[in-house]
Amino acid sequence: MSGPPVVQESPPSAWHMYRAMVGVGLGCGLLIVSVFQLTGPTIARNRAEALRRAIFEVLPGAGSSRTFRVAANDRFEPTEAAGQPGDRLVHAGYDAEQRLVGLAIEAEGMGYQDVIRLLYGYSFAEDAVIGIRVLESRETPGLGDRIETDPAFLANFQRLDVALAPDGSALANPIQAVKRGEKEHAWQVDGITGATISSVAIADILNKSAAWWVPRIRRSLDDFREAP
Amino acid sequence: MISLGLKSFRHGIHPPEAKDETSGLAIRQFPFAPLLIVPLVQHLGKPSLPLVREGETVVRGQRLARPDGFMSVSMHAPASGTVKSIGPTPSISGRMVPAVFLEPQPGSTQEVMEGTPCPLASATPEEIVAAIQDAGIVGLGGAGFPTHAKLRIPPERHVDTLIINGAECEPYLTTDHRVMLEQRDDVFTGIRYLLKVTGAERAIVALEANKPDAAQHLRSGLPGDLSASVEVLRVKYPQGAEKMLISALLGREVPSGGLPLDVHALCVNVATTAEIGRLLPHGRGIQERVITITGPAVQHKGNYRIPIGTPLRFLLGEVGVEEDVTRVFLGGPMMGAAAPSLDIAITKGTSGVVAFDATRAERSHRTVYPCIRCGYCLDACPMRLDPAQLGSLARSQEYARMADEFHLMDCFECGSCSFVCPSHIPLVQQFRFAKAAVRKAGAHG
Amino acid sequence: MSDAPLWSIFVNACLINNFVLAYFLGLCPFLGVSGKLATATRMGGAVTFVMLVSSICAFGIQQLLVAIDAPYLRLISFIAVIASTVQLVEMFIKKTSPALFRALGIFLPLITTNCAILGLALFQTNKGFDFAQCLAYALGAGAGFTLALVLIAGLREKLELATVPDVVRGTALSLVLAGLLSIAFMGFAGLGG
Amino acid sequence: MTGPLHGTPALGDEFVKGLWRDNPVFVQVLGMCPALAVSNTARNALAMGLATSFVLILSNAVISSLRHVIPKQVRIATYILVIATFVTVVDYAIQAVSLDLHKALGAFISLIVVNCLILGRAEAFASKHGIGRSLLDGLGMGAGFTVALFSLGAVREILGSGTLFGIQVFHADFQPWIVMILPSGGFFTLAAWLLVFNAVTARRARAAEPLEAPR
Amino acid sequence: MTAPARTLEIRTSPHMVSGYSVDTIMFNVVVALLPVTAFAVYAFGLAALLVLSTATVTCLLTERVACRLSGRASSLGDWSVAITGLLYGLTLPPGLPLWMVVVGGVVAVALGKALFGGLGCNPFNPALVGRAFLQAAFPVAMTTWSPAFTSDRFTALGSSTLTLPFTRPLYDAVTSATPLALWKFERQASEVGELALGFIGGSTGETSALLILVGGAYLVARNMMSWQIPVAIFAAVAAFSGALHGLDPETYASPTFMLFSGGLMLGAVFMATDMVGSPMTSGACLLYGAGIGMLVVVIRVWGGMPEGVMYAILLANACTIHLDRWIRPRVYGATAQEAPR
C-alpha cells in the first residue's frame, strides 16, 4: 500500500474519509473474523476440556458427562455444554458403566472480596455433596484463598450431608460453617482459622444452591438416567 | 482571674498578666532629660511641619510643628528650653525620621503655656475636632492614629455608641488603669466632648475584670447627666482590640476591611479621652504622657508622666535597670516593638517600656519545630483566621492566596497565634511580611 | 447471571473493589488531575456521568451482540459506541446547559478513552448483570472513583505545602498515598456480603 | 519526509531509548492503568507485557504504513480501530494457548486498547515515521514496558508468594508478605521503582553537570 | 543606676510565649502512655516487653536514618517518634515475631512519616500505617493472640516471638481469641468488667480500658489533647451500636461491649487524637470523631474483620483536610455569603 507522493494541503473530501474508515474497518473486520475462525475450535475445545476436568474432579469416578438445562416445567432436558444464555445448567456425570455418578452444579455468591464461583458435585445416592472446586475467587491470597487449597477444608466436601426434609421441599439441615475442630454433624463445614468469612461464604453458597437444586433434582431423577 | 459570665469575644488567649507590680503605684512626674528628641512623626500620616528654627527658645507647651495634611497633627514643646537642632533621629521602626532636638532650660519653672480654650458648652463639633488636631492628640493606645481623623464622621454615617477603651489587655501595662483611677474627671470631660462630636446616644467605658477598683471608682463618680455606663469584661487578650471590644459589648461584628463606623460604633482609648478632657478646656497640646515602666530588669517600676521626647537611655538610667538588660520593648510584650537602640525617644504612642535582662528573659532561642497541626492557633486567633494554614502558605510564599482565600489582611498582628504556638513558628512575623508583600503587589488595600 | 442485590453491587464497586485502589483503573487522570480538589470533584462527577452513559451503551451492545452471535466484535463496538456516545452527549450538553458543560464538559474528551470506563463496560458484561445491576455498578464505580480522587486530591494539596523530599515529590508520592489509601480501604472488605 | 528536525538519530537508538531514557513506565509513567492490576505474579506480568508489546509493534507498523492514506480528521478513530483489532486478536490467541492465563489476566487484556502508551506512540511516532523506524520504536517501547512490568511482577511475586514463575525461591518456611500481591503492594512497588529511578537520574545529573557544562 | 551598655536583642512581637512546646506536649503523651505500657508488660510478660522495646527502638533508629538520609537535623528530641514507636508496639499482638515488629516499625516511620517530610507532614498516623501494613502482609500472625496472665509469662517466651527472620512463626498450642472475635464468629459476649480492667486477650496495649482513659484524662487536663475526638467517637459508637442492639440484641452486641472491647479505647484516646492527622477546629474534631465511631461500628458489625478501629482512623485521617476545609470558623467580620472554600 503506497500513499500519494505529496501530502495534500487542502482538507480531504468526505469521500476520502469514508474511504479510509471503511477500508480500515474492512481490513480490521477481516482480520478479527479470520482469527476468530482460526482460534474458535481450539478455544471451544479448551473450554470443554476445562469443564470436563472440573466435572470429573467434583464427581469422582465419572468418565463422561452430559449437560442438562432446567426446562419451563422444572424438568430437565439435555442441551449443549455451553447452553443458551439465561439457562440454569447442571452437568450429569456417568461412570464407565454409564451409571449416573452424580450431578455437577455451578453456584456463586459473595465472598470476602468479591463473588466466588464454584462447581460442586452432588450425589443423590449418598444424598451429599461429594466434591467441590472453586472456579473463580478473589479472596485474600494466603488467607481466604485457602478455600481452594486447604486439604482439611476441602475434606469437608467429600461427604457433606444435603438430605431433604421429609416433605421434600427443603434441606433437612441447612449447611453451616463452624469453627475449626468443632464439626459435629455431617451437614457442618469445618472452617479455616483466620479465614472465617470465606469459609462461611462457601457454606452459604452451597446451602443456597443446594436448597434450590436438590428438591428439583430429587423430583426428576429419571431425567438423568439415560446415559449419552 | 476567672470571670465567667462576663461579656467577651470568642477565642483569645490568657497570657500571664504581670500587672500587680505597677497597678497599685500612683503616677509620678518624670524629670526632664538633658536633651529631648521630639520626632515629627508620632502618628500615621505625613510628618508635621516645624514652626521653630535652630537656636530658638521655646516655652513648654508651645507649638513646635503644625500638621501637614489631613492625617497629620501638631507637636508641642515638652519643656521650656532651646532648640538645639532639627535633624534626623532613629525611630522605633529603625527608619530615620525628622525630629526637633530640644535642650530644656535648667532652672526654668516649666510653666505650661496656655492656648485658646475650646469650651465644651459653646464649641461646635467642627471646632472640637480642629482643637483636637491642634492639641496633637493621637491614639495613646499605641497605634498613633490621629484622633481627629477618626472623629470626622461622614454626614451619612451615624454613631450610636461611643466606646471608651479601658480594657488594657497587654500584659505588664497599667497606664490606662492608673489614668482611670487618677483622672476620672478628665475622662468624663473627654467623654462629653466626644459625645458632642460624634452625636452618639451613649458612651460605654469598657474595662477588664482585673481592674475592679477602677470600675468601682468610675461608677461611683459617674455624673447623673452623662449618658455613660461602665462595663466590666472578661480578662482575655486581646480584649482591648477595637473589633473585639465592639463584638463583646454590642454583639456586632465590624465587617472585614471595614471600620467601627460601619456598625455605628466608635472606640477611643481611655487615656486619649482623658487627654482630650484635660487639654481642650485650656487649649493646650500634648507635651507628656503616662507610661508604665516595668519588667524584671527594672528596679523602680511604676507609672510615670513622662515628657514626650525623653530618650530611652535616659529613661532607663533614671529608673535603674540591671546591667545585663537585653530586651526592651516599647508598648506591651504582645504587640509592642523591641527597641533597636537606646537612642530612640518616647513618643505619644508609647504606652509602656518593658525591660528584660538576660537571666530572666524568656528562653529566647527556642527550637522551631514544624507545624504539628495542633490547632492551638485557630483557637487563639480572635479574628478566627487559620494561622496554621497561613503560616504554611507563607513559607511557600503564596502571599496572594493568603490574602484571597484566607483573609490575611484581617490579621491585626495581636500575636495570639505566636504566643500559643508549641512549634515556636514566628507566625506574626511571617504575616507582617506577607501583608507588606501583598500591599506592595497592590492587589489589596 | 448474577443475583447479587443492588446495594451489594454498589458497595462492592465503590468501596471493596474500588476501581482505582483495587483495579488500578483510571490511574492516568488519577495521577494527573488529583492535584487540586476543585478539579478532582468535577472530574469525579464527569466520570460518574460517563460511566452511567457507557454502562447503558455497553448493556445495549451486549444484548445486540448476543442476538447476532458476534462476540468477537465486543471490544471494537464497545470502544466505538462509547466514544461516540460520549461525544454526542458532550455536544448535547454544550448546547443545552453551558453551566454543566463548563463544570464537566472539559473533562469529557479526556475520559472517553479512560480505562476505567471501558473496564466498567467489560466487567459488567463478564459478571452478567441485568440492567438495574449495571446501573448500580456504574454508580458505585463512579462514586468510588470520585471518592478516591477527592481523598487523594486533599492529601496531595496538603502535602504541597509540606517538606516532602525532592526524590519523592510527584508521581511516586501519589502512588504511595494511593497505596496507603488502598490499605485503609481494606477495612471495607466483607461489607458486600 | 526526511527525519525530525535535529537530524535522524541512529536506528539503534530508536530501540534503546525505550529501555532506559524514555522508559514508558519508569520515566514517562504511561500505560500503567490496565497493566498494574495483573503484575502480581511474574508470569502474568510478562504475559501482559508481551501482549501489550505485540499490539504496540503491530499497530505501530500498520499505522505507520497507512500514515499517508488516513485523513487527519479521522486518524484517532482509525488508530483505535486498528489497536482494538489487534487486542481482539491477542485476546483470542491467549485463549487458544492457555485458558488459565486468560482467566488470570481477565478483562485486562481487552483493556490494552485504552493503554495510553499505544495510542501515544501511534500519535507521536508511528504517524510521523516510516515502517522500519516505527517497528523499532514499538520494539523498544514494548521491551521497556515488558521489562518494567516484569520487574514489578517479579518483586511482587518473590516477596508476596516466595516464588518466581511459580517456583519456590526461598526456604519452605518463608513467610510471604501478602501485602505485596494485594493492590496496595502494586502501588508501593511501582513507587519504589520510581524512587530508585529518580534517585539514579538525580545522581547521574549531578555527576554529569560539570562535564556537560562546556558543551 | 547606670544606663545599660549591652547590645539589645531585636525580635518581633509577641515577646511572650506560652510554656507549650512540641517536645513538652509529646513528652507528656509518652508519660500518659506509660501506665498502659506497664500494664501491657504486666499482663503479657516478657513477650510484650520485647515487642514494645523492639518497636520503639526500631522506630527511633529508622527516624535517625531517615533524618540523616534527607539531611535534616536529628528529630529524636521532639519525642514524637517515641510516641509512634510506643503506640505501634501497643497495637501489636504480644506474641508477634520480633522480625515482623521490626518490619512494621521501619514501614511506620519510613513510609508513614519520613517519606512525607517528617514531623507534621504525615497525613496518616504512622503507628497505624505500620500496623496496617503488617495486617495486610502477615494477616495470620497479626490475628493470632497469645493469652494474657499465663503463669510463666515472666520466665518463658512463646515459640513465636523469636522466630527467625523471614520465616513463618510457629505457635504454641494455646492461643486465645479476642472478645470481638468471640462475638463476631460465635456470638459470645465477654464480661464488661473484665474488659474495662483488661483481663482479656488482645493487642498488648488495648486491653486495659481504664488505664487508657486515665492517660487520656491526664492529657485533656493539660490541654494537650482534643477531648472532642474521643468523646465524639464514644458517643457515636454508643449511639449507633445502642440503636442496633435495641433492634436485635441477639445479633448486635451491646454498646458497653462495643466501647470496651478491641482497640477502640486505645485508638480513640491515643491514635485518633494524634494532632498531625486530626482536624484542627473543635467542630471538625467532633465530626471526625463521629465518623470514626460510625465506621468502627459498620466495619465491626457488617465487615469481614472483627475489628475496624485501625481502618476507621486511617480513613478518617484521609478525610481530615476536607473536614478542616469545610468546618472552618467564620472569619470575624466576613459576610455569610463569603463561604470559606
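Letters A, B, ... are given to chains in the order of the sequence lines, protein chains preceding strands, and every chain is numbered from 1. Below, all heavy atoms of this structure are taken into account, side chains as well, without hydrogens, waters or symmetry copies.
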For B:Y376 and E:I25: C-alpha separation, side-chain torsions, deciding distance, then whether side-chain contact (heavy atoms from CB on, under 4.5 Å) applies. CA-CA 12 Å; B:Y376 287 174; E:I25 295 177; 3.8 Å; yes
Contacting region of [X] [heavy-atom separation from chain E under 4.5 Å]:
{"X": "B:L378", "result": "side chain"}
{"X": "B:C421", "result": "backbone"}
{"X": "B:Y237", "result": "neither"}
{"X": "B:R432", "result": "side chain"}

Quick one: which residue pairs count as a salt bridge (charged side-chain N to carboxylate O under 4.0 Å, His left out) with a foot in residues 279-292 of chain E, not counting sequence neighbours? none
Which answer fits E:D274, side chain, backbone, both or neither, if we ask what part of it has an atom under 4.5 Å from a heavy atom of chain B? neither
At a 4.5 Å cut-off on heavy atoms, which part of E:S278 comes close to chain B: side chain, backbone, both, or neither? backbone
Out of [options], return the one with the most heavy atom pairs under 4.5 angstrom to chain E.
{"options": "B:V428, B:V254, B:V354", "result": "B:V254"}
{"options": "B:M335, B:K243, B:Q429, B:M244", "result": "B:K243"}
{"options": "B:P15, B:S247, B:A337", "result": "B:S247"}
{"options": "B:C417, B:G336, B:C371", "result": "B:G336"}
{"options": "B:G332, B:P333, B:S418, B:G258", "result": "B:P333"}

Short N-O contact, E:R330 and B:E253, less than 4.0 angstrom: yes
Sub-4.5 Å heavy-atom contacts with chain E: which residues of residues 379-386 of chain B show up? B:P382, B:M383, B:R384, B:L385, B:D386
Take atom CZ in B:F412; do more than 12 heavy atoms of anything else shown fall under 6.0 Å from it? yes
Parallel, tilted or perpendicular: which fits the ring planes of B:F329 and E:H15, with parallel below 30° and perpendicular above 60°? parallel
Heavy-atom side-chain contact between B:P16 and E:M16 under 4.5 Å: yes
Pairwise distance [atom1]([X]) to [atom2]([Y]) - rounded to 0.5 angstrom:
{"X": "E:M275", "Y": "B:S423", "atom1": "CE", "atom2": "OG", "result": "9.5 Å"}
{"X": "E:S21", "Y": "B:H424", "atom1": "OG", "atom2": "NE2", "result": "3.5 Å"}
{"X": "E:Y20", "Y": "B:C374", "atom1": "OH", "atom2": "SG", "result": "10.5 Å"}

I'd like to check the ring pair (Phe, Tyr, Trp, His ring centres under 6.0 Å) partners of E:F27; sequence neighbours left out, ordered by chain and number.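 So E:F27 forms a ring pair (Phe, Tyr, Trp, His ring centres under 6.0 Å) with E:W79.
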What's the shortest heavy-atom distance between B:G375 and E:M280, and which atoms? CA-CB, 3.9 Å
Do any of residues 108-121 of chain E come closer than 4.5 Å to chain B, heavy atom to heavy atom, and if so which ones, in number order?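 Checking residues 108-121 of chain E against chain B gives E:L119, E:G120.
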Does E:D324 form a side-chain contact (heavy atoms from CB on, under 4.5 Å) with B:Q389? I'd like the steps, not just the answer. CA-CA 10 Å; E:D324 264 339; B:Q389 181 73 14; over 6 Å; no
Does the side-chain contact (heavy atoms from CB on, under 4.5 Å) test come out yes or no for B:Y369 and E:D78, once each step is laid out? CA-CA 8 Å; B:Y369 292 103; E:D78 62 27; 3.5 Å; yes
